[in-house]
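These notes concern the structure reproduced below.
Just so we're clear, the structure is a prediction, and the values are computed from it rather than from any experiment. Numbering starts at 1 and runs along the sequence shown.
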Amino acid sequence: MSDFSFLQTQIQSQVQVMSQKQIQSLEILSLSSTDLREAIYNAAEENPALEILKDKLESGVDLRKRGTIHDGSKISSIHKKELDEASDNFQATLESRADEKEPLQDYLIHQLNMMELSDAEKSLGQRLIHNLDDRGFHRFSPDSLLDSNDRNQNEQTLHRMMDLIQGFDPTGTCTTGPEESLLVQARAKNASDLVLFILDGHLNFLDPPIAAKAQKKIESFIQEQKSLFGSDTTKIDSLIVNEKTVEEAITFIKTLEPFPAGNFTSSQTHFVAPDIYIEEKGDDDGEIPEKELNEKNLYSAGGKIWKIRMGNAAIPTLSINQDFIDSLNLAGINEEERRMMKQNIKKAKEFMQILDLRKSTLERAAIEILRHQADFFVRGPGHIRPFQQSELANILEVHESTVSRLANGKYIECQWGFYELKYFFSHASSTSTTGHGTSKEAVMHKMEQILAEHQNDKKPLSDSKLCELLSAQGIQIARRTVAKYRSQLNIGSSYER
């Protein structure tokens with residue numbers, strides 16, 4: 001009979017179970033600023049201990065603050081239905097051209113980049129353009145887009161840039177609604193005084209659009225204004241109002257486009273609100289200690305000094321509701337109610353801590369992106385270095401999936417424009433003669449430059465020839481990869497060109 005020996009062993013294993021707070025923290029980290037804004041309002045609605053103290057965008061497009069058009073004339077009002085639609089802060093669709101598949105914002109930004117503008121004007125112009133909804137109208141109040149840290153951005157600059165963008169193709173975007181858009185288009189076409197009068201707050205005179213009836217309404221209004229004591233009738237005195245001129249005005253107005261982005265198809269691109277701003281402050285002479293720089297949110301990279309600040313315009317300011325706290329000591333509250341109230345306060349504090357963690361993690365990520373991609377921030381597009389999400393995860397001491405969530409839907413604004421955080425992560429796409437890898441973005445940028453230089457050649461460059469020219473500049477890349485990148489740039493083959 002065999003001997004049996006019973007052996008008792010203890011196996012120790014480590015199982016990490018995520019708490020509800022950790023799960024919520026990851027969810028909040030992955031949200032874009034627009035989605036985060038909605039999540040904050042939902043949290044405040046569900047938890048009476050959480051209070052929204054301030055929200056710069058709570059009123060959407062505030063018509064009382066929009067001022068006047070640059071030439072001094074009054075901006076016309078819009079119907080309540082149009083106002084309600086323009087005030088929809090979470091409508092997140094843009095339009096792209098049906099024939100060119102180009103988003104409205106990209107089309108306007110291209111025109112903006114052709115203008116000679118100051119840094120303040122260019123930055124504000126980009127914000128105005130990215131603030132437009134799918135019809136080309138303001139989504140949030142233009143006043144809320146002013147950068148309080150830039151003294152060159154003021155009301156005068158705002159109206160100047162609005163006037164400029166309103167004149168872009170398609171004419172009449174960057175307005176409050178259909179009536180103002182029609183007015184801008186009419187001015188651009190040197191319309192008659194009668195047309196401008198009708199579109200400047202009197203479009204209801206054309207309901208119905210019958211010349212004889214509209215004429216009577218206009219004449220009645222003019223007589224009423226002239227009868228008012230002290231009324232300034234300078235503008236209406238010069239109006240020529242008869243059935244013929246009114247008919248001509250109606251015909252002209254019908255040629256205008258009440259929705260200037262109507263030729264663009266929806267692209268489901270979300271409204272872009274920068275989460276991070278990176279601004280150049282000057283050359284780094286090495287005299288200021290790094291610790292002193294960091295205390296002012298200043299950082300040295302690429303031989304320059306940079307300021308990093310968080311964009312919180314779309315994120316409401318939260319606080320614990322003091323009235324809710326005070327009510328804990330009121331008579332008549334039983335222990336169960338008091339326990340639930342304390343739980344609400346705890347949840348409110350935890351939610352605010354999660355928001356602070358999101359902000360600090362984003363800021364730390366921005367610092368490392370600046371340091372690793374300093375060449376881009378100094379020299380612009382085409383100078384992205386290979387930098388993987390796993391590298392940033394190691395630096396921040398977080399999981400790679402956390403960095404992936406962090407990069408989702410977050411944007412950096414710098415002197416070169418708006419860029420999603422994902423833009424700054426790139427694998428090495430080729431081997432260079434220097435021994436360092438070259439990012440996909442840098443290779444594609446170099447390809448565009450080479451093709452532009454040879455666009456007038458009698459014989460278009462083939463993919464093989466492109467490989468040779470890239471190799472001559474120290475970039476080793478396969479021909480099939482060149483063909484792939486060329487296709488992604490929407491550039492045809494040598495035969496198609």
side-chain contact (heavy atoms from CB on, under 4.5 Å) between F377 and E280, intermediate numbers included:
CA-CA 8 Å; F377 289 101; E280 181 184 335; over 6 Å; no

Nearest-0.5 Å distance that lies between atom CZ in R405 and atom CG in L31
11.0 Å

Ignoring hydrogens, what is the shortest heavy-atom contact between E121 and T157? Give both atom names and the distance.
CG-CG2, 3.9 Å

Is the NZ atom of K347 crowded by more than 12 outside heavy atoms at less than 6.0 Å?
no

Donor-acceptor pair, N131 side chain versus F140 backbone, under 3.5 Å?
yes

Using 0.5 Å steps for rounding, measure from the CZ atom of R364 to the CG atom of L406.
10.0 Å

Can you establish whether the number of heavy atoms outside I240 located under 6.0 Å from its atom CD1 is more than 12?
no

Classify the angle between the aromatic ring planes of F387 and H372 as parallel (below 30°), tilted (30 to 60°) or perpendicular (above 60°).
parallel

Heavy-atom closest pair, residues Y299 and I308:
CD1-CD1, 3.9 Å

Does some side-chain heavy atom of C174 sit less than 4.5 Å from a side-chain heavy atom of H138?
yes

Assess the residue pair R385 and Q373 against the criterion (side-chain contact (heavy atoms from CB on, under 4.5 Å)); give the C-alpha distance rounded to whole Å, side-chain angles, the decisive distance to 0.1 Å, and a yes or no.
CA-CA 6 Å; R385 296 178 56 191; Q373 303 292 5; 3.7 Å; yes

Go through E219 and K216 one step at a time and tell me if the salt bridge (Lys or Arg N to Asp or Glu O under 4.0 Å) criterion holds.
CA-CA 5 Å; E219 288 175 338; K216 291 181 180 179; over 6 Å; no

Step by step, work out the side-chain contact (heavy atoms from CB on, under 4.5 Å) result for I305 and D283.
CA-CA 6 Å; I305 297 294; D283 294 331; over 6 Å; no

Please check if atom CG in D119 has more than 12 non-hydrogen atoms from other residues, nucleotides or ligands closer than 6.0 Å.
no

Atom of A366, atom of I278 and distance for their closest heavy-atom approach
O-CD1, 4.3 Å

I'd like to know whether L146 forms a side-chain contact (heavy atoms from CB on, under 4.5 Å) with E155, so could you lay out the CA-CA distance, the side-chain angles of the two residues, the decisive distance to 0.1 Å, and finally the verdict.
CA-CA 8 Å; L146 289 170; E155 291 290 332; 3.9 Å; yes

With no hydrogens and no angle check, just 3.5 Å: does a side-chain donor-acceptor pair link S227 and Q223?
no

With a 4.5 Å heavy-atom cut-off, do I276 and I369 have their side chains touching?
no

Any heavy-atom pair between the side chains of L117 and M161 that's under 4.5 Å?
yes

Tightest non-hydrogen contact, residues E420 and G409, listed as OE2-N, 3.2 Å

Contact check, side chains of V378 and W306, non-hydrogen atoms, under 4.5 Å
yes

Atom NZ of K217: over 12 foreign heavy atoms under 6.0 Å:
yes

Output yes when a side-chain donor or acceptor of K410 lies under 3.5 Å from a complementary backbone atom of N408, and no otherwise.
yes

What distance separates L36 CG from L355 CG, expressed to the nearest 0.5 Å?
6.0 Å

Could you walk me through whether S181 and Q185 satisfy the side-chain hydrogen bond (donor to acceptor under 3.5 Å, both in side chains) test, starting with their C-alpha distance in whole Å, then the side-chain angles of each, then the deciding distance to 0.1 Å, before giving a yes or no?
CA-CA 6 Å; S181 180; Q185 294 173 52; 3.0 Å; yes

Do L392 and F425 come within less than 4.5 Å of each other through their side chains, counting heavy atoms only?
yes

CD/E45 to CG/N47 distance, rounded to the nearest 0.5 angstrom?
11.5 Å

Side chains of L50 and F324 in contact at under 4.5 Å (non-hydrogen atoms):
no

Minimal heavy-atom distance between W416 and R379, with the atoms involved, is CZ2-C, 3.5 Å

Got a second to check how far L29's CG is from I354's CD1, nearest 0.5 Å?
10.5 Å

Once rounded to the nearest 0.5 Å, what's the spacing between atom CD1 of I129 and atom CG of L124?
10.0 Å

If you count every heavy atom of other residues, nucleotides or ligands that lies below 6.0 Å from Q322 atom CD, does the total exceed 12?
yes

Non-hydrogen side-chain atoms of S25 and L357 separated by less than 4.5 Å:
yes

Heavy-atom side-chain contact between S327 and M341 under 4.5 Å:
yes

Minimal non-hydrogen separation, F137 against P260, with atom names:
CE2-CD, 3.6 Å

Q166 side chain to T175 side chain, donor-acceptor N/O pair below 3.5 angstrom
no

Does H383 use its side chain to pair, donor to acceptor, with the backbone of G380 at less than 3.5 Å?
yes

Test ring pair (Phe, Tyr, Trp, His ring centres under 6.0 Å), reference Y419, set Y277, F376, Y411, output is F376

